[in-house]
Amino acid sequence: MSPAKRHMDLVAKAGCVIGNRQLAQCDGQVEVHHVAEGSSKRSDFATVGLCTEHHSGGSGFHGLRAERFCKLYRVPWEKEEGLLVWANEDIARLRIKVMA
């Protein structure tokens, strides 16, 4: 398995970054969302976990669009890149649980 695939699996196992903060109820499986500015190339290492609803549903990133989504859920810096902060926190918590 490639390092990128391992990372995305870890992101998915960490769960939905919105649901993990109890900002809204999650609905569906966790999907991996690629974070990128505009149409720039996406990296498999710049990814966050979002449940189906928070990824592509009506109250999700693609349903609301980036600006509204980030304001609604108070994402750090109110920017998509702020989701990476939450994803890194969630991955760190997951690693701590695994090590315990």
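Please read all numbers here as calculations on a predicted model, not as lab measurements.
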Problem set entry | Qualifying salt bridge (charged side-chain N to carboxylate O under 4.0 Å, His left out) pairs, either residue in residues 19-30, two or more places apart |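 For residues 19-30: Arg21-Glu89, Arg21-Asp90.
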Exercise. When clusters are formed by joining ILVMFWY residues with side-chain heavy atoms under 4.5 Å apart, either directly or through shared neighbours, do Leu84 and Val17 land in the same one?
Worked result: yes
Any side-chain heavy atom of [X] sitting closer than 4.5 Å to one from [Y]?
X     : Y     : result
Leu50 : Phe61 : yes
His54 : Cys26 : yes
Val32 : Val48 : no
Met1  : Asp9  : yes

Say whether, by atom type as modelled, one donor and one acceptor occur between the side chain of [X] and the main chain of [Y] under 3.5 angstrom.
X     : Y     : result
Glu53 : Gly58 : yes
Arg42 : Val35 : no
Thr52 : Gln29 : yes

Exercise. So which heavy atom on Asn20 is nearest to which on Gly15, and how close?
Worked result: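 For Asn20 and Gly15, the tightest heavy-atom pair comes out as ND2-C, 3.8 Å.
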Exercise. Do you know which two heavy atoms are closest between His34 and Ser43, and how far apart they sit?
Worked result: CD2-O, 3.3 Å
Exercise. Between His33 and Glu80, does any side-chain donor sit less than 3.5 Å from a side-chain acceptor?
Worked result: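 Per modelled atom types, His33 and Glu80 side chains form a pair under 3.5 Å.
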Problem set entry | Non-neighbouring partners of His7 that pass side chain to side chain donor-acceptor pair (under 3.5 Å), sequence neighbours left out |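 For His7 there are no side chain to side chain donor-acceptor pair (under 3.5 Å) partners, ignoring immediate neighbours.
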For residues 64-78, which side-chain donor-acceptor pairs fall under 3.5 Å, sequence neighbours excluded?
unit_1: Arg65; atom_1: NH1; unit_2: His62; atom_2: O; d: 3.2
unit_1: Tyr73; atom_1: OH; unit_2: Ser59; atom_2: O; d: 3.1

Problem set entry | Rounded distance [0.5 Å steps], CG in Leu23 versus CD1 in Ile18 |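 Going from the CG atom of Leu23 to the CD1 atom of Ile18 covers 5.5 Å.
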